[in-house]
Number of protein chains: 2
Amino acid sequence: MPQTKGGNTIDRKEKLKAFLKQRGFKSTRQRDIIADEFLKSGEHITAEEMYKKVSRKHRDIGFTTVYRTLKLLAKSGLATERVFADNLTRYEPLSAEDHHDHLICINCGSITEFEDLKLERLQEKIAGEFGFRIVTHKMEFYGYCNVCGERQRKK
Amino acid sequence: MPQTKGGNTIDRKEKLKAFLKQRGFKSTRQRDIIADEFLKSGEHITAEEMYKKVSRKHRDIGFTTVYRTLKLLAKSGLATERVFADNLTRYEPLSAEDHHDHLICINCGSITEFEDLKLERLQEKIAGEFGFRIVTHKMEFYGYCNVCGERQRKK
DNA sequence: AGGAAATTGAAATTCATTTTCATTTAACGT
DNA sequence: ACGTTAAATGAAAATGAATTTCAATTTCCT
């Protein structure tokens with residue numbers, strides 16, 4: 001049973017339901033299915049990819065609904081929206097505590113996450129020097145992952 | 001006389017001409033005008049903004065040419081293309097040595113540059129731990145600048 | 001000057017994202 | 001359960017920045 005960082009899928013689905021109820025929104029079959037697939041699958045997935053995945057089993061669920069549900073998950077705090085250099089919007093399951101950055105391979109497209117406390121502190125320090133208060137940040141490294149770097153050297 | 005980091009405007013225009021010639025491209029009136037305006041003006045400007053600025057004095061220069069010239073400047077190494085959270089492509093004059101990051105105010109939209117050697121080293125170190133070789137990186141802080149932060153506290 | 005090749009600019013196209021709108025569905029009170 | 005109301009759905013249309021097309025123009029080289 002894969003235990004994700006932000007609590008298990010059931011916990012998270014409860015969180016979604018609570019969010020919906022609180023805002024007077026409705027809990028629907030489609031949202032359930034999409035949230036489920038997303039929470040258990042999903043690293044850095046686009047709306048298009050998510051739609052393909054969902055619509056395989058559920059032909060009646062349209063792209064728009066998938067798209068809107070991912071936005072909803074982001075608003076409810078269960079997902080983060082990210083845009084990397086390819087300019088596609090991707091979503092990934094999110095837990096409140098965890099805020100990581102990304103290593104993106106420009107050869108194979110793999111996305112690796114990392115977290116570094118020293119980095120966080122240094123960022124705060126730098127911002128502080130400018131009297132700047134950070135709300136969010138974006139930090140991505142683009143280059144060759146360990147696999148593609150090796151391969152490149154051999155050529 | 002404003003002296004920019006990457007050499008003066010004339011130097012840079014020579015660099016552009018050399019680039020064009022080397023590639024068998026042509027030096028045109030439009031490219032001259034656009035490069036000129038861009039190099040002396042330009043922090044983080046969009047193609048649209050650049051077009052407005054240029055077309056005020058030169059009604060005959062079209063958006064497409066401005067757009068293409070900015071891309072050309074990027075390819076020739078005189079400009080960097082950047083996309084911030086608003087998803088607009090911006091261009092800024094670039095010198096080879098200087099690679100800085102950005103503080104972006106989510107209230108007033110101001111963009112401040114900074115450079116930090118410690119940060120660079122830490123980035124390399126982190127990437128190294130993953131066997132990752134950085135080619136480029138993207139690092140942006142979003143939050144409140146010193147002006148907007150103050151104002152917010154007063155409210 | 002002459003001719004090949006690149007450039008220009010208006011308009012059209014692309015493509016992800018977002019909105020519209022008629023229909024369906026969930027939630028709530030009776 | 002039933003009706004009402006507001007939200008959700010999904011297909012299609014709209015949006016908007018980025019990019020491409022193409023005929024006309026300009027540059028570069030000999």
Side-chain angles (χ1 to χ4, degrees), chain A residues 13 16-38 44-76 79-91, chain B residues 13 16-38 44-76 79-91:
Chain A
K13 287 182 71 180
L16 177 60
K17 287 216 167 117
F19 174 83
L20 292 173
K21 189 148 196 174
Q22 190 220 325
R23 302 256 187 143
F25 295 153
K26 289 170 183 171
S27 192
T28 67
R29 183 181 62 87
Q30 289 93 328
R31 285 177 176 170
D32 260 23
I33 291 167
I34 296 163
D36 215 36
E37 283 288 327
F38 174 70
H44 310 110
I45 200 166
T46 65
E48 191 59 39
E49 287 164 354
M50 196 67 216
Y51 167 65
K52 277 181 190 155
K53 185 189 279 259
V54 166
S55 63
R56 250 177 253 136
K57 293 184 189 170
H58 306 273
R59 302 264 173 78
D60 61 318
I61 296 183
F63 170 79
T64 313
T65 301
V66 172
Y67 162 79
R68 281 190 283 224
T69 302
L70 289 173
K71 289 246 145 192
L72 191 67
L73 288 169
K75 276 178 199 153
S76 75
T80 321
E81 237 182 59
R82 293 185 194 274
V83 181
F84 298 121
D86 63 3
N87 252 44
L88 295 178
T89 303
R90 283 163 213 279
Y91 295 83
Chain B
K13 286 183 71 181
L16 176 61
K17 287 214 169 121
F19 174 83
L20 292 173
K21 188 149 196 175
Q22 190 220 326
R23 302 256 186 141
F25 294 153
K26 289 170 184 170
S27 192
T28 66
R29 182 180 63 87
Q30 289 92 329
R31 284 177 176 169
D32 259 24
I33 290 166
I34 296 164
D36 214 38
E37 282 288 325
F38 174 69
H44 311 107
I45 199 166
T46 64
E48 190 59 39
E49 287 164 353
M50 195 68 217
Y51 167 65
K52 277 182 191 154
K53 184 189 281 260
V54 165
S55 64
R56 251 178 251 135
K57 292 185 189 170
H58 306 273
R59 302 262 174 78
D60 61 317
I61 295 182
F63 170 79
T64 313
T65 301
V66 172
Y67 163 79
R68 281 189 284 222
T69 301
L70 290 173
K71 288 247 148 195
L72 191 66
L73 288 169
K75 277 178 198 152
S76 76
T80 321
E81 237 182 60
R82 294 186 191 275
V83 181
F84 298 121
D86 64 3
N87 252 43
L88 295 179
T89 303
R90 283 164 215 277
Y91 296 84

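Nothing here was measured: the structure is a model prediction, and the numbers come from that model. Each chain gets a letter, A, B and so on, in the order the sequences are listed, and its residues count up from 1.
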Exercise. Looking at residues at least two apart in the chain, or sitting in another chain, which of them share a ring pair (Phe, Tyr, Trp, His ring centres under 6.0 Å) with A:F84?
Worked result: A:H102

Exercise. Do any pairs count as a salt bridge (Lys or Arg N to Asp or Glu O under 4.0 Å) and have a residue in residues 44-57 of chain A, sequence neighbours left out, and if so which ones?
Worked result: A:E37-A:K57

For this session: Using five pairs at either end of the helix from C:dA1-D:dT30 to C:dT30-D:dA1, determine the angle between the two local helix axes and round it to 10 degrees.
Result: 30°

Exercise. Residues in side-chain contact (heavy atoms from CB on, under 4.5 Å) with B:R31, at least two apart?
Worked result: B:L20, B:F25, B:T28, B:T69, B:L72

Exercise. Nearest 0.5 Å, what's the CG-CZ distance between B:L73 and B:R68?
Worked result: 14.0 Å

Problem set entry | Nucleic acid contacts of residues 81-90 of chain B, taken as heavy-atom distances under 4.0 Å to DNA chain C | none

For this session: Please identify each residue that fulfils side chain to side chain donor-acceptor pair (under 3.5 Å) with A:D32, with sequence neighbours left out.
Result: none

For this session: Measure from NZ on A:K75 to P on D:dA7 and round the result to the nearest Å.
Result: 14 Å

Exercise. Rounded to the nearest 0.5 Å, what separation is found between the OG1 atom of A:T46 and the OH atom of A:Y67?
Worked result: 13.0 Å

Problem set entry | OP1 or OP2 of D:dA18 under 4.0 Å from side-chain N/O of B:K71 | no

For this session: To the nearest Å, give me how far apart CD (A:E48) and C1' (D:dG10) are.
Result: 15 Å

For this session: Indicate for each nucleotide in nucleotides 24-30 of chain C, in 5' to 3' sequence, whether protein heavy atoms under 4.0 Å reach the base (B), only the sugar-phosphate (S), or nothing (-).
Result: --BS---

Problem set entry | Interatomic distance where CG belongs to A:D60 and C1' belongs to D:dA8 [whole Å] | 13 Å

For this session: Go through the structure and list residues passing side chain to side chain donor-acceptor pair (under 3.5 Å) with B:E81, not counting sequence neighbours.
Result: B:K71, B:Y91

Exercise. Could you give all pairs that pass the salt bridge (Lys or Arg N to Asp or Glu O under 4.0 Å) test and reach residues 82-91 of chain A, with sequence neighbours left out?
Worked result: A:R82-A:E92, A:D86-A:R90

For this session: For residues B:H58 and B:T65, determine if any side-chain heavy atom of one lies less than 4.5 Å from a side-chain heavy atom of the other.
Result: no

Exercise. Taking all non-hydrogen atoms of both residues, which atom of A:I61 and which atom of A:Y51 are closest, and how far apart?
Worked result: O-CE1, 3.3 Å

Exercise. Counting just side-chain N and O atoms, does A:R31 come under 4.0 Å of either OP1 or OP2 of D:dT9?
Worked result: yes

For this session: Rounded to the nearest angstrom, tell me the gap between atom OH in B:Y91 and atom P in D:dA17.
Result: 14 Å

For this session: Figure out the CZ/C1' separation between A:R59 and D:dA11, and round it to whole Å.
Result: 18 Å

Exercise. Separation of B:L70 atom CG from C:dT8 atom P, in whole Å?
Worked result: 12 Å

Exercise. At what distance, to the nearest 0.5 angstrom, does OG1 of A:T89 lie from CD1 of A:I45?
Worked result: 13.5 Å

Kindly give the atom pairs (protein nitrogen or oxygen, nucleotide nitrogen or oxygen) under 3.5 Å for nucleotides 20-25 of chain D.
from	atom 1	to	atom 2	distance (Å)
D:dT21	O4	B:R68	NH1	3.3

Problem set entry | side chain to side chain donor-acceptor pair (under 3.5 Å) against B:K17, all qualifying residues, sequence neighbours excluded | none

Problem set entry | Protein-nucleotide distance (B:I61, atom CD1; C:dT7, atom P), rounded to Å | 15 Å

Exercise. Listed by chain and number, what are the side chain to side chain donor-acceptor pair (under 3.5 Å) partners of A:R23, not counting sequence neighbours?
Worked result: none

For this session: Could you tell me the separation between the CG atom of B:L20 and the P atom of C:dA5, rounded to a whole number of Å?
Result: 19 Å

Exercise. Which atom names give the shortest non-hydrogen contact between A:L16 and A:S76, and what distance separates them?
Worked result: CD1-OG, 4.0 Å

